[in-house]
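One structure is given below, encoded as structure tokens.
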Amino acid sequence: DTGQAGIDGLKVTFELMGPEKRLEQPVSRVLTANCPFTYGDSDCGILTNALAWVTLADYAVGDIVKRATGTGIYWFKATVAGTSDAAEPTWPTTLGGTVVDGTVTWTAFRARRLVGTVTSSADRRTVVATGITVASDYFGEGFITFLTGANAGDRRRLKSDTGSGTLTLQLAAFDNIAVGDTFEVLAGCRKRRTQDCIGKHDNKANSRTRTLRFGGFDFLADE
């Protein structure tokens, strides 16, 4: 096999690798205080998408839906399995609120994706919007993807979220952000056990598998 190659004037170099190179694979991972998993991946175990609720469907405990009509800052998790009703229920509007839908019981939790509409923007790193007011720092370290406007398709990591509709981007958007632009925002994770995995996402033991999801080692003593 060949590795890196380079050209320096008339000199061409190739890196030749023998079969033993295949053995140079990591067999463990570095012990870090914070979790190394990517938010929403298979190791993390958090579902970052929700299907719209449908009528007369069978739902298992742990299934997640969002409203079929209307908007809100909550998704809903099935805490009692069953079959949904022929009409959409009146969804809870408080965290932890429940509703019986046919024979299913749904419990409200904070949505992990929301769509916002820009109301003002002082610069290309700051967004003030409606539809995204959840809790302080909920979207910090998450991502914003512009859906309309000059930045449509641009995806940026978020530095902070005031919890009252103001987001700050890590890096400025390519173009000016205009009033009326829409975007989708994904909740963030700063990879801490207590503040994020437990307090923010209730994911220390994932509800679907009941396996330990936090991947950090914050119990290790400092040097």
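When reading the values below, keep in mind they use all heavy atoms of this one structure, side chains included, and skip hydrogens, waters and symmetry mates. Source: prediction; values computed, not measured.
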| message | Quick check: closest heavy atoms across Asp161 and Ala135, and the distance to 0.1 Å? | response | OD2-O, 3.4 Å
| query | Counting N and O atoms only, with roles assigned by atom type, does the side chain of Arg125 sit under 3.5 Å from a partner on the main chain of Leu169, one being a donor and the other an acceptor? | reply | yes
| Within one Ile-Leu-Val-Met-Phe-Trp-Tyr cluster: Val99 and Trp53, side-chain cutoff 4.5 Å | yes
| Counting distance only, does the side-chain N/O of Thr98 pair as donor-acceptor with the main-chain N or O of Thr107 below 3.5 Å? | no
| Can you tell if the side chain of Phe183 reaches within under 4.5 Å of the side chain of Asn151, non-hydrogen atoms only? | no
| query | When you measure from the side chain of Asp123 to the backbone N and O of Thr126, does any donor-acceptor pair fall under 3.5 Å? | reply | yes
| Phe139 and Leu114, any side-chain heavy atoms less than 4.5 Å apart | yes
| query | Does NZ or CZ of Arg113 lie under 6.0 Å from the centre of the six-membered ring of Phe143, at an angle within 45° of the ring axis? | reply | no
| query | Under a 4.5 Å side-chain heavy-atom rule over Ile, Leu, Val, Met, Phe, Trp and Tyr, are Val61 and Val80 clustered together? | reply | no
| query | Do Thr117 side-chain atoms and Thr130 backbone N/O form a donor-acceptor pair below 3.5 Å? | reply | no
| Joint hydrophobic cluster, Ile73 plus Ile132, side-chain heavy atoms closer than 4.5 Å | yes
| said: Would the distance check show the side chain of Lys191 and the main-chain N or O of Asp196 forming a donor-acceptor pair, the cut-off being under 3.5 Å? | reply: no
| query | Going hydrophobic residue to hydrophobic residue with side-chain gaps under 4.5 angstrom, can you get from Val54 over to Val104? | reply | yes
| query | Would Asp181 and Thr148 count as having a side-chain donor-acceptor pair, cut-off 3.5 Å? | reply | no
| Distance, nearest 0.5 Å, that separates CD1 of Ile144 from CZ of Arg156 | 10.5 Å
| Side chains of Asn34 and Arg192: closer than 4.5 Å at any heavy-atom pair? | yes
| query | Run the side chain to side chain contact (heavy atoms under 4.5 Å, CB included) check on Leu51 and Val65 step by step: do they pass? | reply | CA-CA 5 Å; Leu51 297 176; Val65 299; 5.6 Å; no
| Is the distance between the ring centroids of Trp106 and Tyr59 under 6.0 Å? | yes
| Within-4.5 Å side-chain heavy-atom neighbours: Phe37 and Cys189 | no
| field | Any side-chain heavy-atom pair of Arg157 and Glu141 under 4.5 Å | value | yes
| said: If we ignore hydrogens and angles and just use 3.5 Å, is the side chain of Ser84 paired with the main-chain N or O of Ala57 as donor and acceptor? | reply: yes
| request: Report yes or no: does Asn203 contribute a side-chain atom to a donor-acceptor pair with the main-chain N or O of Gly45 at less than 3.5 Å? | output: no
| field | Lys200 side chain to Asp137 backbone, donor-acceptor under 3.5 Å | value | yes
| Above 12 or not: heavy atoms from other molecules or residues under 6.0 Å from CG of Leu95? | yes
| query | Where do Ala60 and Ala78 come nearest, in terms of heavy atoms and distance? | reply | O-CB, 3.3 Å
| query | Donor-acceptor pair, Thr55 side chain versus Asp85 backbone, under 3.5 Å? | reply | no
| Parallel, tilted or perpendicular for His201 and Tyr138, by the 30°/60° rule? | tilted
| Any chain of hydrophobic side-chain contacts (each under 4.5 Å) joining Val115 to Leu186? | no
| query | Which atom names give the shortest non-hydrogen contact between Thr194 and Ile198, and what distance separates them? | reply | O-CB, 3.7 Å
| said: If I take atom CD from residue Gln170 and atom OG from residue Ser160, how far apart are they, to the nearest 0.5 angstrom? | reply: 8.5 Å
| task | Tell me, with the steps shown, if Glu88 and Arg67 meet side chain to side chain contact (heavy atoms under 4.5 Å, CB included). | result | CA-CA 8 Å; Glu88 187 171 4; Arg67 297 167 180 262; 3.9 Å; yes
| field | Over all atoms of both residues, closest heavy-atom pair of Ala33 and Phe214 | value | O-CZ, 3.6 Å
| note | Between Tyr39 and Arg112 the two heavy atoms that sit nearest each other are OH-CG, 3.5 Å
| note | Between Asp101 and Ala87, the two heavy atoms sitting closest are OD1-O, 4.3 Å
| Asp175 backbone acceptor or donor facing Arg124 side chain under 3.5 Å | no
| Centroid-centroid distance, Trp91 to Tyr74, less than 6.0 Å | no
